[in-house]
Amino acid sequence: MSGKVYPIPGGLHPPEHKTESNAKAIIVAPLSAHYVVPLRQHIGQPARALVKAGDSVLKGQMIGAPEGRISAAVHAPTSGRVVAVEARPVAHPSGLPDQCVVIEADGKDTAADMQPIAWRDLPPGELHQRLVNMGLAGQGGAVFPSHVKLATGGTPIETLILNGAECEPWITCDDRLMRERATEIMQGAEIMRHALGAKRILVGIEDNKPEAAQAMQSACEQLKLAAEVTAVPTRYPSGGAKQLTQLLTGLETPSGKISTDIGIQVFNVATAYALQRAVELGEPMLTRVVTITGHVAGPCNIEARLGTPIDELIRLAGGDLAETSGHVIGGPMMGFDLDDTASPLVKSVNCIIAKNQELFPPHPPAMPCIRCGQCALVCPAVLQPFELYWHAKSKNFAKARAYKLFDCIECGCCSHVCPSHIPLVDFYRFAKSEIAADDRAKLAAEGARQRHEFQLLRQEREKKEKAERLGKKASERLDTGAVAADDPEAERKKAILEAAIERARQAKEAVHAKNTESLTPDQQHQIDEIEARRQAAPQDSEQQA
Amino acid sequence: MISAIIVMAVIGLVLGSVLGWAELFYRVAGDPLADKINDILPQTQCGQCGFPGCRPYAEAMAKGEADINRCPPGGEPGIQRLADLLGVEAKPFGEGVAPKPKSVALIDENTCIGCTLCIQACPVDAIVGASKQLHVIVADLCTGCELCLAPCPVDCIHMEVVHETVNNWKWRYPLIPIHQQREAA
Ligand code: SF4
Ligand code: SF4
Ligand code: SF4
Ligand code: SF4
């Protein structure tokens, strides 16, 4: 059943820790009393809230609309009442709160009207338009809005790769999903293939998941799909998009490019599953499967609605054992520490690991780099991590960029093997976010410069036009001969001056607002409201004064 | 001897005219150095440097008439970049010049009388509004130059520091715990 596997550089094999959680079937979480749905669960612009406190919502109702090109919608996970739209703690490496819609469930779980999409009738390149409001986002970790990835244009997509590698230790949610719902996943993959106009489907699964590979293989045979399931060696990070692409096709994604540039699109298996539900059932993305493992009583996989508080999920997994020292979101290689377990489950969270001293010993103190080169040997992106570290540490960002910092996939292999225990990836993340902020500042400065220069130009033009107008008016007056005889020169000057004053007065009166002419009723309403508030306000401001 | 002089003279003439032509043909309009400097300046247009905007300051620097440490919005990194470009030593800000945290202006909508004075003051067209209408500052366009504060006759504009959100958050510089290191040693 297995296709050819091509060699890739770097990588390593950390302890797998998969058996803790992969034996039990997926548990479906019961309805919660309340849900906290962040408006930002994806890469790109956060969704714009469509509801306010007091509104009632139905399950599957869109409560946040996508804003801008790269954005995804969010939906109500159950029916109930919106109690607040406010900043709440979320699972984010910064630990900062973010805007969320808080919903109190009414227990009825009434669903909004959901319409399946007749995808077979849609030509390739059109399905993505129907999926814009479905809230689909990649579930492998990058959470890129799926409808954007399904749009065609640019390089034609030849190959669709389904990523079931799940190479990070501890995580088993894709494994369980493939074992239990392979048919739905492959149906989703077929829809993706159709939408992209791709010729073939390649499925990559690490060879430590034979049951999942077997299930996927049978699903392909049963559905009679032109798909090939390939077992790839268990070696982290085989599940990186570029890595899996190279493993399955032998094609290397050039630096600074993405796999679509070489005619390949990669989707996670869980994304294919969510897409199948969206298309065949008309159900937007409301749930996901998440692994709860580590130092908990009953490690398992739970299918829960997005917005479920994480502490509730931990309770479902038997709760934290004694001496739990914290929680990791994602895997041990790329994950981050969770600050507040009241944070909700979001589209990106594939795993929650409870930590203790034994499983996650404290990071040993960092020592100076001894230039041993171990990090370069394991780097899957064939970078020189010690050079990157050097430049990032000394904040020499231009150099870091020149050493291809942005090809780093932050896999953590280098930090893992470093004998000096240097938190290398932390430095790369720091440098990347500094560079990104810098680029944003540059863009803003460029915009400000253009607006300023345009303003100067405008002022210059207005000045010139005014002078011309005045000059013309004045000479007209002179021509009509309303000039006294005694001192022609002085009279002429006076006339010009008067004309100028008159023109200035008229010009002033003529100035009149352009952007208040065609207001929408909405804007007019807003202005009226503010006017009313201002009417009410003077007493206060007088008191202050 | 004479022929040698003639040959040399002709070669000189030919090369000279080629150079002269190249000078005309490849001439760059404007002042390329001032452009490069202007690209580094933050374009806040606040005038804190003592010039009526970023471009005039850039031109003064290009002519060597102004120091590189006069732009507070650019901060220390700005000085460093100017120093790198101009091949001089970076130097700290002078007395009384210091960078402030990034802020944006906000108009108190209850007090604004719609006088349009702030619109005229804003160098980057970040304020929208019209005569006798409430004015609004587009936060994304505002550079925080504070030039609109003074002209407002009813003092309804104030500056608000931009706080950290998930949107503009940056990864911190990793701190390597030195104390631990000492204890371990
Ligand atoms: S593994 Fe660590 S010590 Fe070795 S070269 Fe890389 S950064 Fe330096
Ligand atoms: S984190 Fe980046 S530099 Fe380090 S091994 Fe992974 S890709 Fe290479
Ligand atoms: S101080 Fe800086 S930002 Fe302000 S006008 Fe001068 S150069 Fe521009
Ligand atoms: S709104 Fe005020 S602070 Fe902001 S850029 Fe315009 S003048 Fe400067």
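Here is how names work: the chains are called A, B, and so on, in the same order as the sequence lines, proteins then strands, and each is numbered from 1. Please read these numbers as outputs of a predicted model, since none were measured by experiment.
No more than 12 heavy atoms of other residues, nucleotides or ligands shown are found within 6.0 angstrom of CD on B:E89. Annotation for A:R461: atom CZ counts as buried by contact number, over 12 foreign heavy atoms lying within 6.0 Å. Counting non-hydrogen atoms of other residues, nucleotides and ligands closer than 6.0 Å to NZ of B:K102 gives a total above 12.
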**Message:** Checking B:K170 against A:D438 for the salt bridge (charged side-chain N to carboxylate O under 4.0 Å, His left out) test, could you report, in this order, the C-alpha distance in whole Å, the side-chain angles of both residues, the deciding distance, and whether it holds?
**Reply:** CA-CA 11 Å; B:K170 295 193 283 184; A:D438 217 58; over 6 Å; no

| said: Apply side-chain contact (heavy atoms from CB on, under 4.5 Å) to residues A:R449 and B:L41 and explain how you reach the verdict. | reply: CA-CA 10 Å; A:R449 186 182 62 78; B:L41 296 177; over 6 Å; no

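Heavy atoms closer than 4.5 Å to chain A are found in the backbone of B:T165, but not in its side chain. Neither the backbone nor the side chain of B:D140 comes within less than 4.5 Å of any heavy atom in chain A. A:A87 does not touch chain B: none of its heavy atoms, backbone or side chain, sits under 4.5 Å away. Using a 4.5 Å cut-off between heavy atoms, A:P93 touches chain B through backbone and side chain atoms alike.
Among A:Q450, A:H452, A:R458, the one residue that satisfies the side-chain hydrogen bond (donor to acceptor under 3.5 Å, both in side chains) test with B:D125 is A:R458.
Residues A:R451 and B:L141 share a closest heavy-atom pair of NH2-O, 3.0 Å. For the residue pair B:I119 and A:Q455, the shortest heavy atom distance occurs at O-NE2, 4.5 Å. Nearest approach of A:A445 to B:P42, heavy atoms of both residues: CB-O, 3.5 Å. The shortest heavy-atom contact between B:Q43 and A:A448 is O-CB, 3.5 Å.
When each of A:P97, A:S433, A:A431 is scored by its heavy-atom pairs under 4.5 Å with chain B, the top score falls to A:S433.
A cation-pi arrangement is found for A:K395 relative to B:Y173, the charged atom lying closer than 6.0 Å to the ring centre and inside a 45° cone about the ring normal.
Of the inter-residue distances, the one linking B:D39 atom CG with A:E446 atom CD reads 7.0 Å to the nearest 0.5 angstrom. Taking CZ from A:F336 and CH2 from B:W171, the interatomic distance works out to 8.0 Å, rounded to the nearest 0.5 Å.
Looking only at atom types and distance, the side chain of A:R440 has no donor-acceptor partner in the side chain of B:N168 under 3.5 Å away.
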